Peer 1: 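Here it is, the structure in full.
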Amino acid sequence: MSSLSAVDLEVARHRFVAAADEMGSVLRRSSYSPNIKERADFSAALFVPSGEMLAQAEHIPVHLGSMPASVQAVIDVFGDKLDFNSQYAVNDPYHGGTHLNDLTIVRPVGYEGRLIGWVANRAHHADVGGEAPGSMPAHATRLEQEGHIVPPILAAHNRRWVDEFLEPLLAATRTPEERMGDLSAQMGANEMGAIRLAELCKMYGAVRYHGVCSGLLDYGERRMRTAIGELPDGCYDFEDHMEGYDGLHPIRASVTIDGTNIHADFSGSSKQVAANFNAVDAVTVSSLYFVVRAVSDPTIPANGGCYRPITMEAPKGSIVNALPPAAVAAGNVETSQRVADALFGALAEAVPNVVPAASQGTMNNVLIGSDEFAYYETIGGGQGARNGHDGSSGIHTGMTNTKNTPIESLTQHYPLRITEYGLRSGSGGYGRYSGGEGIIREIEFLEDATVTLMGERRVIRPWGLQGGHPGALGEDWLIKRSGKSELLPGKVTLDVRTGERLRILTPGGGGWGDP
């Protein structure tokens, strides 16, 4: 917009991002569960009336890239009958969600009787009533096995909301008090976002406000097109694999750079499987957005405008665009990581000195619980090295960006004890620049419980680049009370006994350059 100077644009951008940041702070500080309060497993963003993302906090990539689908799902159902004083909920992966644990709360924002935008946040609820505590059972093949399904629904404080949404959710979960507390925190965060958005509209004036929003989106598009235009035109291919119960399942990425546009084609990827590591298309496109931002220019404002030059083709019924009733719990947390790896591998052909070697490529999901509690953790690992830099050790990489649960909080809330926690020496791949090291985390069970592990890179090591060596495989061990150790599959649900220990060794990152 010609009336917006560079200074006006930058000030406006930071104002909207600050509103999203404040939403995240409200959510984290008022939540009940360690998963949200300590691990910060949530994301927040603002949207224009059409549903295009206006600004986001720098939270979790797999949440943020897919959140526009949740807003659009609400618009599709309620767009012609909005209540500016209400909020809307959704977790159905086939209607705007990602996996059932991620509950998205969406709120329209009105000013002087007109819709000026939307605020939304997504939080991972530690249990939503799946067939195993934590609601990511390794044996699931259908969505309903993973927990309570919430299609786009009005979440106003009335009888219908209680009957149709709140009571069924609380009845399904093993931890209703915790769920109610986290849900209240989500709604409070949206209220704060709505206040800030209305204040900005009042400050700018309604006409100029919409011009500022359009200007920000157009600016994001211009920046992204400029960045893509600096990449070499061509078509670049790479294949990586998910580690299934019955063997390997390919994910094939073909990335075409054509002027100021970039297109990813996943044709040739595995068909959806009878397991829970299928991904819906919103998850796959979020991985694409993340990789393009990382490879082009990470300083580009993350809004809907910067995604306009990016398109995707993912065959329906494939592992990267599953159709109902397929289970999808691990598609969000694990397949998203592999999609990102495949895209990075393809773009390494185009810009070899920019793309890093493969990072750990997994979130190392650990779910422990019973009828009384549900503990969820993702564990960091090694980052892939890149030209000029060793990879960082013991951090989350790729499509996630959470913290860990501090030992003090974990032992206060759950019948668990941490007996070892540190870096896994020697797990990073050698290279001119070495990959980061993984983590060792050992947990002792103080009560009988059910454990679900959902991890990758237990069969195929995180690859190196330009002659760098791959990182170490991840390993999961159950140590019996007798002292005997049993190597566990990367994806499994099993019962454990008091006094047994779970020992997790996460993968290292790949090395870069001939050592």
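Treat the numbers as computed from the prediction; the structure is a model and nothing was measured.
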Peer 1: For residues Leu64 and Ala57, report the shortest heavy-atom separation together with the two atoms involved.
Peer 2: CD1-O, 3.3 Å

Peer 1: I'd like to check the salt bridge (Lys or Arg N to Asp or Glu O under 4.0 Å) partners of Glu144; sequence neighbours left out, ordered by chain and number.
Peer 2: Arg142

Peer 1: Can you name the closest pair of heavy atoms from Leu103 and Ala89 and give their distance?
Peer 2: CD1-CB, 4.3 Å

Peer 1: Tell me the closest heavy-atom pair linking Ala374 and Asp127, and the distance in Å.
Peer 2: CB-CB, 3.8 Å

Peer 1: For Ser392, does its backbone N or O pair with a side-chain atom of Gln383 as donor and acceptor, under 3.5 Å?
Peer 2: yes

Peer 1: Contact between Met224 and Ser296 at the side-chain level, heavy atoms closer than 4.5 Å - yes or no?
Peer 2: yes

Peer 1: Mind jotting down which residue pairs meet the ring-ring contact (aromatic ring centres under 6.0 Å, His included) criterion with at least one end in residues 382-405? Sequence neighbours excluded, please.
Peer 2: none

Peer 1: Does Met454 reach the side chain of Asn276, with side-chain heavy atoms less than 4.5 Å apart?
Peer 2: yes

Peer 1: Test side-chain contact (heavy atoms from CB on, under 4.5 Å) on Leu502 and Val366 and set out the steps.
Peer 2: CA-CA 10 Å; Leu502 176 66; Val366 183; 4.0 Å; yes

Peer 1: If every non-hydrogen atom of Ala132 is compared with every non-hydrogen atom of Thr493, which pair is closest and at what distance?
Peer 2: CB-CG2, 4.0 Å

Peer 1: Let me confirm one number: the CD-CG distance from Gln56 to Leu54, rounded to the nearest 0.5 Å.
Peer 2: 11.0 Å

Peer 1: Could you check if a side-chain atom of Leu248 sits within less than 4.5 angstrom of a side-chain atom of Glu243, using non-hydrogen atoms only?
Peer 2: yes

Peer 1: Strictly by modelled atom types, are Thr256 and His263 linked by a side-chain donor-acceptor pair under 3.5 Å?
Peer 2: no

Peer 1: Under the salt bridge (Lys or Arg N to Asp or Glu O under 4.0 Å) test, which residues partner Asp341, sequence neighbours left out?
Peer 2: Arg338, Arg457

Peer 1: Hey, are the side chains of Asn404 and Tyr421 touching, using non-hydrogen atoms and a 4.5 Å cut-off?
Peer 2: yes

Peer 1: Between atom CZ of Arg122 and atom OG of Ser70, what is the distance when rounded to the nearest 0.5 Å?
Peer 2: 4.0 Å

Peer 1: Just to verify, what does Asp102 make a salt bridge (Lys or Arg N to Asp or Glu O under 4.0 Å) with, not counting sequence neighbours?
Peer 2: none

Peer 1: Is there a donor-acceptor pair closer than 3.5 Å between any side-chain N or O of Tyr307 and the backbone N or O of Glu52?
Peer 2: no

Peer 1: Quick check against the 3.5 Å criterion: does Arg458 have a side-chain atom that pairs as donor or acceptor with the backbone of Gly490?
Peer 2: no

Peer 1: Salt bridge between Glu377 and Arg441, side-chain N to carboxylate O under 4.0 Å?
Peer 2: yes

Peer 1: Could you report the tightest heavy-atom contact between Pro250 and Gly268, atom names first, then the distance?
Peer 2: CG-O, 4.4 Å

Peer 1: So, using ring-ring contact (aromatic ring centres under 6.0 Å, His included) as the criterion, who are the partners of Phe42 when residues are at least two apart?
Peer 2: His59

Peer 1: Could you check Val333 against Thr378 for side-chain contact (heavy atoms from CB on, under 4.5 Å), going step by step and ending with a plain yes or no?
Peer 2: CA-CA 9 Å; Val333 292; Thr378 57; 5.7 Å; no

Peer 1: Hey, could you give me the CD1/CD1 distance between Ile310 and Ile262, rounded to the nearest 0.5 Å?
Peer 2: 7.0 Å

Peer 1: Tell me whether Asn303 contacts the main-chain N or O of Leu216 through its side chain, where contact means a donor paired with an acceptor under 3.5 Å.
Peer 2: yes

Peer 1: Holding to ring-ring contact (aromatic ring centres under 6.0 Å, His included), I want the full list of residues that pass it with Phe47, two or more places apart in sequence or in another chain.
Peer 2: none

Peer 1: Between Ile228 and Arg225, is any pair of side-chain heavy atoms under 4.5 Å apart?
Peer 2: no

Peer 1: Please report the interatomic distance CG(Leu46) to CH2(Trp118), rounded to the nearest 0.5 Å.
Peer 2: 13.5 Å

Peer 1: What residues, two or more places apart in sequence or in another chain, satisfy side-chain contact (heavy atoms from CB on, under 4.5 Å) together with Ala348?
Peer 2: Val355, Leu465

Peer 1: So, using ring-ring contact (aromatic ring centres under 6.0 Å, His included) as the criterion, who are the partners of His249 when residues are at least two apart?
Peer 2: Phe277

Peer 1: With no hydrogens and no angle check, is any side-chain donor or acceptor of Ser409 less than 3.5 Å from a backbone partner on Thr405?
Peer 2: no

Peer 1: Kindly indicate, with the supporting measurements, whether the criterion side-chain hydrogen bond (donor to acceptor under 3.5 Å, both in side chains) is fulfilled by Asp41 and Thr402.
Peer 2: CA-CA 6 Å; Asp41 196 346; Thr402 59; 5.9 Å; no

Peer 1: May I have the step-by-step check of side-chain contact (heavy atoms from CB on, under 4.5 Å) for Leu410 and Glu38, ending in yes or no?
Peer 2: CA-CA 10 Å; Leu410 186 150; Glu38 303 286 3; over 6 Å; no

Peer 1: Does anything in residues 88-97 pair up under side chain to side chain donor-acceptor pair (under 3.5 Å), and if so which pairs, sequence neighbours excluded?
Peer 2: Asp92-His95

Peer 1: Please find the pair of heavy atoms, one from Ile60 and one from Ala40, that lie closest to each other, and give the distance.
Peer 2: CD1-O, 3.9 Å

Peer 1: Name the residue from Val492, Asn364, Leu367 that meets the side-chain contact (heavy atoms from CB on, under 4.5 Å) definition with Leu453.
Peer 2: Val492

Peer 1: Taking the side chain as C-beta and beyond, is there a heavy-atom pair between Leu343 and Val295 under 4.5 Å?
Peer 2: no

Peer 1: Spell out, as yes or no, whether a donor-acceptor pair under 3.5 Å connects the side chain of Asn101 to the backbone of Gly134.
Peer 2: yes

Peer 1: To the closest 0.5 Å, what do you measure between CD1 (Ile251) and CZ (Phe266)?
Peer 2: 8.0 Å

Peer 1: Just by modelled atom types, is the Val283 backbone N or O under 3.5 Å from a matching donor or acceptor in the Ser66 side chain?
Peer 2: no

Peer 1: Just verifying a value: how many Å separate Ile36 CD1 and Arg29 CZ, rounded to the nearest 0.5 Å?
Peer 2: 15.5 Å

Peer 1: Glu334 side chain to Glu456 main-chain N or O, any donor-acceptor pair under 3.5 Å?
Peer 2: yes

Peer 1: Any heavy-atom pair between the side chains of Arg252 and Asp237 that's under 4.5 Å?
Peer 2: no

Peer 1: Is the backbone N or O of Ala322 less than 3.5 Å from a side-chain atom of Lys316, with the two atoms forming a donor-acceptor pair by type?
Peer 2: no

Peer 1: Kindly state each residue pair satisfying side chain to side chain donor-acceptor pair (under 3.5 Å) with at least one member in residues 277-294, sequence neighbours excluded.
Peer 2: none

Peer 1: List the steps and the verdict of side-chain hydrogen bond (donor to acceptor under 3.5 Å, both in side chains) for Asn190 and Gln186.
Peer 2: CA-CA 6 Å; Asn190 276 356; Gln186 287 188 263; over 6 Å; no

Peer 1: Mind checking what makes ring-ring contact (aromatic ring centres under 6.0 Å, His included) contact with His99, not counting sequence neighbours?
Peer 2: His124

Peer 1: Does any pair with a residue in residues 423-437 pass side chain to side chain donor-acceptor pair (under 3.5 Å), and if so which ones, sequence neighbours excluded?
Peer 2: none

Peer 1: Taking atom types as modelled and ignoring hydrogens, do the side chains of Asp265 and Ser267 form a donor-acceptor contact shorter than 3.5 angstrom?
Peer 2: yes

Peer 1: For the backbone of Met399 and the side chain of Gln337, can you confirm whether one donor and one acceptor N or O come within less than 3.5 Å of each other?
Peer 2: yes

Peer 1: Measure the shortest side-chain to side-chain distance between Lys271 and Ser318 over non-hydrogen atoms and say whether it is less than 4.5 angstrom.
Peer 2: no

